[in-house]
*Asks:* 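So that we are looking at the same thing, I have put the structure below in structure tokens.
Numbers for residues simply follow the sequence, beginning at 1.
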Amino acid sequence: MWSDCTEEELTSKARYARFADFLVDGYRSKENEQLSINPAANYLTTLINLAKARVATSERKETRMFFTCLEKNSATEESAWLEGLKHNMKRVIFERQKEHGELIDKSATPIYSDTIRACVRAYQLTTGSAEAIMRALVIICLWLAAGRASEVAWLTFDSLKWDSLHQCVLQEVLQSKTSKSKMVAYVAGSCRHLCWFLAFGDFLTMCLASIIYNEERCQNWMFPDLQGYDAPRKRVGTYFKALRPSSRSAGARKFPEVDGLPDDISGGGVRPGAANTLVTHMPVELACAVTGHDMRQQSALYEYIDAHVSPLIPGSTVLAGWPAFPWGQLGKAPTPPDLAPIEERGVPLIALDDIIDKLYNIDSATPPMLGKTGSLRPAIRCAFASQLMYFSERRAVGEAHDIRLSMVNAVGAIMKCDAATAMESILSWGAVVRERFDSKNSRLHANSTNSIRTPLATVSDNVGVLSSTIGKYIHEQRMTMQTLETMIATLNARIADLELVRPSSAATAAAPASAAPSAAATAGGISTAPPPQMPQTNATATAAPSPLNALMPYNAVPGVKSGTAKLAWEFYWETMQDGGEVRGKWKSDGEKGRAKKTVEWFNAMATETEKAVLKNKTTEVGLRKKLAKKIHDLILVRIREAFREHGAVKGSVKPGSVMTSGFIESRVKELKKDHNSTIDISTFAVWRVNYESPDVDATPGTAEPQTKKRKANAKPVMFCTPPPTIGSQSLAASSGGSGSGGSKGGASGGSGSGGSGGGGKTGSGSGNLTGTVLSRLFAAATAVRSPSGPRAEAGSCGNPGCVIPTGHTCRKCGTPVCTLCAGKLGLEGVWECNVCNALPI
């Protein structure tokens with residue numbers, strides 16, 4: 001086995017040659033396909049890196065000389081041997097692919113800004129879907145970062161920073177393929193479908209209420225949806241594939257169709273499309289500042305040049321849809337919309353901040369940098385200003401209906417006015433914000449023309465731009481007409497089902513004339529009178545309902561419920577606010593049953609005190625949300641334990657998963673079907689007492705076991721991302737071998753086997769070979785067998801091959817384990833050795 005290989009075997013050229021033969025001729029994927037050129041060569045290099053990590057402390061001269069084969073520009077015999085071996089592999093694979101007529105260049109089809117705009121537009125047209133809004137922001141982040149599809153999965157709220165000079169948001173993006181980080185600048189877009197601030201505001205409106213910030217750990221992911229998948233890049237690819245035209249009817253589709261999408265569209269096409277766009281408008285050096293490519297091979301000068309903010313701006317400006325700066329020149333970023341013009345009209349900033357907090361559901365459970373005194377508050381105000389500026393445009397084409405409704409409700413609640421007045425205020429505010437935005441960014445159009453060029457060439461370019469603009473306008477108008485036709489059909493079906501509020505004629509006649517807001521009761525054009533009482537529904541009334549009341553009510557009319565798509569803790573929290581019982585009309589009896597099961601499980605896990613707090617509406621909202629999330633995490637740990645009792649470690653419940661309301665039912669069925677077992681919720685109270693009770697751990701070197709109190713939500717001091725493990729457990733230790741073959745990367749952001757596929761030449765079966773799998777293949781291909789070594793001595797890690805002093809003890813078998821080899825489970829500091837964790841060693 002790999003762990004039994006001696007130092008001589010790990011540096012044997014003959015054995016690596018045999019493994020290269022296996023990769024070229026013997027390996028077959030699950031689809032019975034062979035590796036293409038780059039993945040095969042990258043797997044070989046990655047395996048040598050794993051071997052190098054195994055013997056990193058060796059003083060053997062032959063060993064140190066052998067691994068010079070991995071050094072760039074090395075003139076040793078070992079380096080020439082590896083290059084020759086890889087060259088022979090490529091020749092054999094090339095001839096095989098040529099004879100079989102295979103496609104050698106398997107690069108992802110590039111995606112450009114027109115496709116990005118169309119996809120974002122489609123998701124923003126979707127009504128009632130927080131998932132669609134989240135997908136739109138993911139696509140824009142990926143485009144502005146010119147990143148690999150998997151990299152957006154690791155974006156956190158903590159990494160967002162406001163830059164006051166360029167008035168943009170900066171974020172650190174982790175590149176798993178190169179084990180490096182890069183900086184990305186999110187600037188204001190030239191249109192609503194390329195504007196990060198608008199998409200971020202929509203995301204906060206629809207999704208922030210379901211995000212709980214955890215101050216004791218680093219994993220405050222912006223997109224938890226991507227964390228539940230082993231291959232986030234494939235999940236991002238489905239965001240594009242879901243918009244391809246299909247044979248489904250319009251009513252059966254979850255999202256609108258986008259015409260003209262490539263058949264093989266994937267998230268891997270964003271990076272090459274963005275790179276091509278960048279190098280068309282600027283020197284390669286500035287383009288690489290955005291893409292994060294390493295230029296040190298071109299010149300030693302790049303050893304001293306880091307990608308700071310200013311070099312990012314030219315590329316970010318182009319990707320956001322603005323005209324490019326003059327060739328090779330730097331400049332200031334586009335100025336985002338702001339709330340200053342509204343303040344100048346007499347509306348106090350404190351009132352606008354209150355509207356923002358109401359609209360985005362900002363409370364003590366949300367990331368603190370978003371609060372009124374948070375570091376990101378300027379960006380939050382720009383996001384809200386963007387929503388105001390584009391309100392009228394979206395209203396004209398029917399985009400973001402739920403977000404516009406939320407904006408009307410938030411303005412009405414804070415400014416104490418009815419829906420019609422709130423709507424008028426939003427439109428007037430948006431108009432002045434737009435005027436200021438256009439005025440400040442007119443410089444970008446003026447600076448885009450190089451003064452060296454002749455006036456005739458400038459006129460010619462302007463005519464071409466004008467012609468292109470007219471063509472885009474005509475295309476948008478056609479798309480708008482198609483959208484309106486779809487909206488009319490959708491609205492007709494919705495109006496038929498809505499319980500419209502019909503004001504009683506008697507109540508209308510009895511309404512006092514003084515109820516209308518007077519001119520003295522307005523400030524800044526906004527009525528400060530209390531909101532009118534909504535009349536009682538009169539089933540016999542014949543008066544036609546107001547379209548504004550039907551589509552934009554101050555209090556949303558209750559409709560048919562659906563709990564399956566909600567997060568389980570969020571649904572439970574809302575149910576407890578409503579008295580703790582599942583009420584109302586549901587889409588189906590099955591959905592109502594799943595909702596009841598969710599409440600039953602949460603009530604069984606919660607204490608009586610916790611249930612009383614959740615029902616008490618006077619308790620701060622953020623505290624109640626955190627409490628519901630804590631109960632959710634406990635249930636998740638209990639379900640994981642139920643599966644682990646039957647040896648099901650993989651594929652059942654991942655640590656850090658977020659349950660939907662249908663999650664519990666599906667896992668119960670899986671447990672019953674696969675293991676003929678069930679979970680008795682009546683035992684939750686006893687299980688929780690035992691789980692939260694103090695641990696008794698045997699500390700190495702002491703005669704008496706020491707009692708250690710587990711702190712709720714405690715997390716040992718370790719890496720922000722999952723730590724690398726020793727031996728064959730991870731590729732994080734490897735320092736090279738990253739290529740363009742498509743793999744998910746190491747656990748701690750290390751180099752993934754075969755690279756990260758973002759648009760490189762990927763091969764079949766090239767994206768799923770981890771370090772463990774490679775080591776097993778190496779053992780099978782080279783027939784390496786050695787007797788197992790002894791376990792580590794007391795006081796050091798109990799996993800074979802690791803000699804790091806222990807800091808933890810396995811709670812099951814008492815084996816001492818170090819921080820790197822330990823497995824993290826559930827809410828608290830529960831450490832298990834690799835033996836009990838059923839991982840290969």
*Asks:* Heavy-atom distance under 4.5 Å between the side chains of His166 and Val309, does that happen here?
*Replies:* yes

*Asks:* Do the side chains of Asn220 and Pro367 get nearer than 4.5 Å, heavy atoms only?
*Replies:* no

*Asks:* Would you mind reporting whether Arg395 and Met423 have side-chain heavy atoms less than 4.5 Å apart?
*Replies:*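 Yes - at least one pair of side-chain heavy atoms lies under 4.5 Å apart.
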
*Asks:* Within the side chain of Glu424, is there an N or O that forms a donor-acceptor pair under 3.5 Å with the backbone of Thr421?
*Replies:*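 Looks like no, no N/O pair under 3.5 Å.
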
*Asks:* Which atom pair, heavy atoms only, marks the closest approach of Ile414 to Ala351?
*Replies:*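 Heavy atoms of Ile414 and Ala351 come nearest at CG2-O, 3.8 Å.
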
*Asks:* Can you find a heavy atom in the side chain of Ile313 that is under 4.5 Å from one in the side chain of Lys332?
*Replies:* no

*Asks:* Distance alone, cut at 3.5 Å: any donor-acceptor contact between the side chains of Ser159 and Gln171?
*Replies:*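 Gln171 and Ser159 do have a side-chain donor-acceptor pair below 3.5 Å.
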
*Asks:* For the atom pair CD1 (Ile133) and CG (Asp402), what is the distance rounded to the nearest 0.5 Å?
*Replies:* 8.0 Å

*Asks:* Less than 4.5 Å apart, any side-chain heavy atom of Arg192 and any of Val397?
*Replies:* yes

*Asks:* Return yes if a side-chain donor-acceptor contact under 3.5 Å exists between Tyr390 and Asp202, otherwise no.
*Replies:* no

*Asks:* For the residue pair Arg135 and Ala242, what are the closest heavy atoms and their distance?
*Replies:*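 The pair with the smallest heavy-atom distance is NH1-CB, 3.7 Å.
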
*Asks:* So which heavy atom on Leu427 is nearest to which on Ser392, and how close?
*Replies:* CD2-CB, 3.9 Å

*Asks:* Should Val187 and Trp196 count as side-chain neighbours, where that means a heavy-atom distance under 4.5 Å?
*Replies:*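 The answer is no; the side chains never approach within 4.5 Å.
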
*Asks:* Check each of Glu399, Arg117, Arg121 against His193 using the side chain to side chain donor-acceptor pair (under 3.5 Å) test, and report the only one that passes.
*Replies:* Glu399

*Asks:* State whether the side chain of Ser150 and the backbone N or O of Arg233 hold a donor-acceptor pair below 3.5 Å, judged by distance alone.
*Replies:* no

*Asks:* Any chance you could lay out the side-chain contact (heavy atoms from CB on, under 4.5 Å) test for Tyr112 and Val270, step after step, and finish with the verdict?
*Replies:* CA-CA 7 Å; Tyr112 297 104; Val270 174; over 6 Å; no

*Asks:* State the CD-CZ distance between Glu393 and Arg434, to the nearest 0.5 angstrom.
*Replies:*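 Going from CD on Glu393 over to CZ on Arg434, the span is 5.0 Å.
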
*Asks:* Determine which pairs satisfy side chain to side chain donor-acceptor pair (under 3.5 Å) with at least one residue from residues 367-377, sequence neighbours left out, and list them in order.
*Replies:* Asp353-Arg377, Asp354-Lys372, Asp357-Arg377

*Asks:* Can you tell me how far the CD1 atom of Ile111 sits from the CD1 atom of Ile265, to the nearest 0.5 Å?
*Replies:* 4.0 Å

*Asks:* Can you tell me if Gln175 uses its side chain to pair, donor with acceptor, with the backbone of Gly147 under 3.5 Å?
*Replies:*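 Here the side-chain-to-backbone pair does not exist.
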
*Asks:* Taking the side chain as every heavy atom from C-beta outward, state whether Val184 and Leu170 have any atom pair closer than 4.5 Å.
*Replies:* no

*Asks:* Kindly indicate, with the supporting measurements, whether the criterion side-chain contact (heavy atoms from CB on, under 4.5 Å) is fulfilled by Glu131 and Met206.
*Replies:* CA-CA 9 Å; Glu131 180 186 4; Met206 299 293 290; over 6 Å; no

*Asks:* Calculate, to the nearest 0.5 Å, the distance between atoms CG and CD1 belonging to Asp363 and Ile212 respectively.
*Replies:* 7.5 Å

*Asks:* Taking all heavy atoms of Pro314 and all of Leu330, pick out the closest pair and write down the distance.
*Replies:* CG-CD2, 3.7 Å

*Asks:* For Phe437 and Trp322, take the angle between the two ring planes, folded into 0 to 90°, and tell me which bin it lands in: parallel under 30, tilted 30 to 60, perpendicular over 60.
*Replies:*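 Ring orientation, 0 to 90° scale: tilted.
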
*Asks:* Indicate the atoms forming the closest heavy-atom contact of Ala188 with Phe197, along with that distance.
*Replies:* N-CE1, 3.6 Å

*Asks:* Does a side-chain N-to-carboxylate-O contact under 4.0 Å join Arg436 and Glu344?
*Replies:*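 A salt bridge is present here (some side-chain N lies under 4.0 Å from a carboxylate O).
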
*Asks:* Please check if the number of heavy atoms outside Leu165 that lie under 6.0 Å from its CG is greater than 12.
*Replies:* yes

*Asks:* Check for a donor-acceptor pair, side chain of Lys625 on one end and backbone N or O of Ala209 on the other, with a separation under 3.5 Å.
*Replies:* yes

*Asks:* Would you check, one step at a time, whether the test side-chain contact (heavy atoms from CB on, under 4.5 Å) holds for Phe384 with Ile355?
*Replies:* CA-CA 9 Å; Phe384 178 59; Ile355 294 174; 3.7 Å; yes

*Asks:* Hey, is the main chain of Ala132 close enough, under 3.5 Å, to the side chain of Ser129 for a donor-acceptor pair?
*Replies:*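 Here the side-chain-to-backbone pair exists.
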
*Asks:* Is there a donor-acceptor contact under 3.5 Å from the side chain of Ser316 to the main chain of Leu312?
*Replies:*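 Here the side-chain-to-backbone pair exists.
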
*Asks:* Leu376 and side chain to side chain contact (heavy atoms under 4.5 Å, CB included): which single residue from Lys161, Arg381, Met369 fits?
*Replies:* Met369

*Asks:* Looking at residues at least two apart in the chain, or sitting in another chain, which of them share a side chain to side chain contact (heavy atoms under 4.5 Å, CB included) with Thr205?
*Replies:*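 Result, side chain to side chain contact (heavy atoms under 4.5 Å, CB included) vs Thr205: Leu359, Tyr360, Gln387, Ile403, Ser406.
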
*Asks:* Find out whether Arg443 and Thr335 are in side-chain contact, i.e. whether some heavy atom of one side chain is under 4.5 Å from a heavy atom of the other.
*Replies:*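 Yes, close enough: below the 4.5 Å cut-off.
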
*Asks:* Specify the closest pair of heavy atoms between Leu261 and Arg244, including all atoms of both residues, with the distance to one decimal.
*Replies:*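 So the two residues come closest at CD1-N, 3.9 Å.
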
*Asks:* Under 3.5 Å, is there a donor-acceptor pair between the side chain of Lys182 and the main chain of Val290?
*Replies:*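 Here the side-chain-to-backbone pair exists.
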
*Asks:* I'd like to know if the side chain of Thr277 reaches the main chain of Gly273, judged simply by a donor and an acceptor atom lying under 3.5 Å from each other, with no hydrogens or angles considered.
*Replies:*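 Side chain of Thr277 to backbone of Gly273: a pair is present.
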
*Asks:* Step by step, would you call Leu226 with Tyr239 a side-chain contact (heavy atoms from CB on, under 4.5 Å)?
*Replies:* CA-CA 11 Å; Leu226 298 177; Tyr239 294 176; 3.3 Å; yes

*Asks:* Would you say the ring centers of Phe223 and Phe203 fall short of 6.0 Å from each other?
*Replies:* yes

*Asks:* In Å, rounded to the nearest 0.5 Å, how long is the span from CZ of Arg404 to CE of Met407?
*Replies:* 9.5 Å

*Asks:* Taking NZ in Lys241 as the centre, count heavy atoms belonging to other residues, nucleotides or ligands within less than 6.0 Å. Is the count above 12?
*Replies:*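 Check passes, neighbour count above 12.
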
*Asks:* So, taking the atom named CG in Leu388 and the one named CG in Leu339, what distance separates them when rounded to the nearest 0.5 Å?
*Replies:*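 Separation between the atoms: 7.0 Å.
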
*Asks:* Is it the case that the ring center of Phe157 lies less than 6.0 angstrom away from the ring center of Tyr213?
*Replies:*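 Distance test on ring centres: not under 6.0 Å, no.
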
